[in-house]
Amino acid sequence: MTMAQAHKWAPPQDATADAWLSALMDGELDDDEAGRAITRLGKDAGAMRIWSEYGLIGDALRGCVQDTASLDRRVKVALAAEPTVLAPLAKSHRQPVYWAAAAAVVAVISWTVVSMAPNNPGVPVAVNGAPNAPQMVEDERVRPTSAQDMAANEVAPYLAAHQDYAFTVAGAPDMNITPVSLSGDAR
Amino acid sequence: MKWLFCLLAIMATPVWAGSAIPDSEAVSWLRRMSDASRKLPYEGIFVMQMGDRMQTVQVENRPNGFANESRLVVLDGQPREVRCSRTESVTLAWGAKGQQMERRMGNRHFPDLLPENVAKLVGFYSLRLGKTIRVAGQDCQLIELTPKDRYRWGYRLCAEQYTGLPLKAVMVGDHDRPLLQYAFVKVRQGVTSRAAVAMPSMPSVEDLHPVENSPIAVRQLPPGYSQLAAVKRRLPNRDVEVEHWIFSDGLSHISMFVEPAPERMVSVKGQSARGLMNLLTRKLGNYQVTVVGDAPSPAVNFVAGNLDLR
Amino acid sequence: MSEQDIDRQLVERARQGDKRAFEMLVEKYQRRLLRLLSRMVKNAEEVEDIAQETFIKAYRALPNFRGDAAFYTWLYRIGVNTAKNYLAGRKKTMPTLSDQAMGDDDEPDERLVVQDLNTPETALMSKQIALAVNEAVDALPEELRSAITLREMEGLSYEEIAESMNCPIGTVRSRIFRAREAIAAKLRPMLGTSQDTRW
C-alpha cells in the first residue's frame, strides 16, 4: 500500500447505529439486544445480505471461499418442508395422528356386552385354556344402545394404541363414521 | 381406467388350492421373502384395502448396513409420511392444525410382514405353493399360509419370482374372505432415490418405559404366540397410564392392556365388520384387562382367559 | 457474550420455530462445512448432498443440542457421521483422506484451502474473491486492520481486543464495523456481477 493510497482512504460516515449487525455476528450484544437484532434481521432482506457478506469476509480471511448458491437454495427448500420444531411428546391430550384410524375402526365394530357372572344364563363366550378359566357369558339384559355409546368412547384408545404397534400405515383417516346396531346381524 | 380394472382384477384373485410343499422348502421361501423385504432396495406404490376403504401409499426402502430405513408417503387424504428406522418409526402429518410429528411403537409395514424367524411359522401355518400370477407387471409365485388352528388368520402372499419380494399380501379370514390386502401397483427393485431417509430426531419419550412388577401374569398364550413387548404408556387422548403388552405369532398381533378397574366396569366384547379385529375386556381382581388383536376371537378369548393375579 | 452465545441464541430461536434463525446459522457455517466434507468425499455433488442432509439433520436434532459444546463442533460431528454413513453405504469405495482427517480432533483444521468443490469458473472466482478481501484488508488503516484481524483470524472477543489494542470496547466495535463495511464496499461490485452464484 502506497502513502497515496493510505491518504485516499476515508472512513465511511459514522453509522454506529448500523454496527449492531457487526456486533451481533461477533456475539457482542447482550441477550435482549441480540434477540431484537435477530428479529430485525429475519425481516430485513437487505440486512440478511449484509450478514452473508460479513460471513463471507470472515471465511475469506480464513481461507474458506465456496460457491454456496446451490446448497443455500436446497437447504432453504428442504427447511421450508420441515415440520416446525418440536415440542416434547404427549403430556398434552393432543390427538395422535393414528387416532383417526382407530376412531374409524371403532365405528364399524359391533359391540355386545359380556357379563362375567357364571350364574347368568346367557350365551357362553368360548374361552379356551385351563379349566379354572372364568365363564364369560353375554348378558342379554343390558340394553344395546348404552353399550354402544359407552364402548365407542372407551374402546377407541385401545385400538389406537394397538394400531400404534401393529399397523404402521394406519387405516384411512377420512372414513365415514356410521353407527352400527349391536346384534350379530350387523355383520 | 385400465389400470383400475387391472387392480380390481388382482384384488379378486380366487383361492388356489396349490400343492403342499415340504417344510424345508417352505421355510426357504419364507426366508427369501422376509430377507428381500428388508435387504432389497426398492421403491414403488402400493394399495392397502381394508373393508371398503382403499389407501394408496408410496414406499421406498433403503437397506443401511444391518438395518434398513424406509419411508412411506400416504397419497390420499391428509398428507402423511411415516419414516422407519431399525428401532422406531415417526409419523409426520400436515393438517389443519399445522404440522405434527409423533413417534410410533411399530416400525414395520408391507411388504415387510414376515418375521425374521420364519422357521417358527411352519409349526402353525401350512404352506402351499400356488401358481404364478402377475402383480404390478411382474411374475410372482403365490404362496398360501393356512392356519393350522383357529387362533390366527391366513395369508396369501405373492413373491416376485427372482427376488422373493412380496408384491401382494392378503390376510384371509373365515371362508377365505379377504380381511386386509396390500398390493403393489408399481415397483422397482434394486434402486431407490439418492436421498437417504432422514429420521427426524425427537426428544426421548418419557412416558414409555418397560413394565415391572405387573399385577397380572400371563399363564398361557395361544399356541405359537409369544410376548414381543410390555411397556407402560399413556393411552392416546386419555390421561390414564396403562400396561401395554404385545403378543404375536409372527404374523398376527394381539395387544393386552392392564389398568386399575373403574368403579362400574362393564365387560365388552366386539368385532370389526369383517371380523379382522376382535376385542374383549374383563375384570381381574381390581384390574381391567382389555385384549384386542387382528386375530380371530378364539385367540383374543384365550389370552383374556389365561391370566392370573400375582 | 461470545460467538458461542450468538449461536446459542440462534439455536434457541430456531427451537421456537424461527426457521430464519436457523438459516442464519446455515449462512454462517455452510462454507466451513462444505470444506470439511470435501476433505472426506471427493465428488462435489455428493458433498453438497451430504451438506444438505447435515443441515436438515441438525435442524431436526435441535431439541437435543444441549449447548454445552460449540454449535459448530456439534454440526461438524453430524456432518462427519453423515459422511461416514454415506461412504459406508456406497458400493464402491471413493478415495478419501486417511482416518486422521475423519474427525478425531474436535477442532477442524482451518488452514487448508480446498479447490475441488469449485468448477473452473467458480474456482477462479473464489480465488478472486479471496484475493480481493485480502487486498482490501491490506488497504485498511492499521487500527481497523488490527481489529478485524484479531477478531476474524484470532477469534478474540471485543474485550480481549480492547485490552490488546489499549482502547475502549466501543471503539473496537466501531473499528470492526468500519473495517467490514470498507471491505464489503470493495467486494460488492464483484458479488453483484454473477446472479447465479452466491458466496
Side-chain angles (χ1 to χ4, degrees), chain A residues 1 5-6 8-9 11-12 14-16 18-31 34-35 38-39 41-43 48-76 78-80 82-88, chain C residues 1-6 9-10 13-15 17-24 26-28 30-32 34-35 48 51-52 55-56 59-60 62-63 110-111 113 117-118 122 126 129-130 133 137-139 141 151-153 158 173-174 176-178 180-184 187 191 196-199:
Chain A
M1 180 171 82
Q5 279 173 316
K8 272 190 191 141
W9 185 89
D14 185 42
T16 32
D18 287 344
W20 63 272
L21 192 45
S22 170
L24 177 71
M25 175 142 263
D26 298 327
E28 296 282 347
L29 294 179
D30 66 37
D31 279 14
I38 294 171
T39 306
L41 193 53
K43 296 178 183 157
M48 267 302 250
R49 206 179 50 243
I50 297 176
W51 172 270
S52 52
E53 282 167 4
Y54 288 178
L56 171 61
I57 290 168
D59 282 339
L61 286 175
R62 291 181 289 265
C64 184
V65 186
Q66 307 283 356
D67 176 7
T68 54
S70 169
L71 176 62
D72 209 64
R73 202 165 39 236
R74 288 174 60 177
V75 172
K76 281 203 168 66
L79 207 53
E82 284 293 305
T84 310
V85 177
L86 308 170
Chain C
M1 279 285 277
S2 70
E3 184 132 38
Q4 195 153 327
D5 290 329
I6 180 63
Q9 283 239 339
L10 290 171
R13 297 282 294 242
R15 269 200 186 120
D18 187 348
K19 283 183 182 175
R20 286 288 257 171
F22 191 76
E23 284 174 14
M24 289 177 211
V26 171
E27 172 59 54
K28 189 172 171 191
Q30 58 185 341
R31 284 172 223 100
R32 261 183 271 184
L34 284 173
R35 182 172 68 180
E48 197 176 276
Q52 182 200 333
F55 278 121
I56 298 303
Y59 178 73
R60 292 169 179 167
L62 281 178
E110 297 272 336
R111 288 161 305 194
V113 178
L117 271 201
N118 298 301
T122 57
S126 301
I129 287 177
V133 169
V137 167
D138 287 343
R151 176 77 266 288
E152 292 287 18
M153 303 198 68
Y158 285 10
R173 171 172 160 155
S174 167
I176 290 177
F177 167 64
R178 280 152 52 198
R180 284 183 169 135
E181 276 301 306
I183 300 167
L187 217 48
L191 299 178
D196 286 329
T197 46
R198 260 198 63 216
W199 302 88

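Throughout, protein chains are lettered first and strands after them, A, B, ... in sequence-line order, and every chain is numbered starting at 1.
Remark: the backbone N or O of A/Thr68 is not paired with any side-chain donor or acceptor of C/Arg31 at under 3.5 angstrom.
Between C/Arg20 and C/Glu23 there is a salt bridge, since at least one side-chain N of the basic residue sits less than 4.0 Å from a carboxylate O of the acidic one. A salt bridge is defined here as a Lys NZ or Arg NE, NH1 or NH2 lying under 4.0 Å from an Asp or Glu carboxylate O, and A/Arg74 with C/Glu48 meets this definition.
Taking chain A as the reference chain and counting heavy-atom pairs below 4.5 Å, the highest number among C/Tyr158, C/Phe55, C/Phe22 is found for C/Tyr158. In terms of heavy-atom pairs under 4.5 Å with chain C, the best-connected choice from A/Leu71, A/Thr39, A/Leu41, A/Val75 is A/Leu71.
Proximity to chain C is limited to the side chain of A/Ile50, based on heavy atoms less than 4.5 angstrom apart.
Looking at C/Ile56 and A/Leu79, their side chains come closer than 4.5 Å, going by heavy atoms from C-beta outward.
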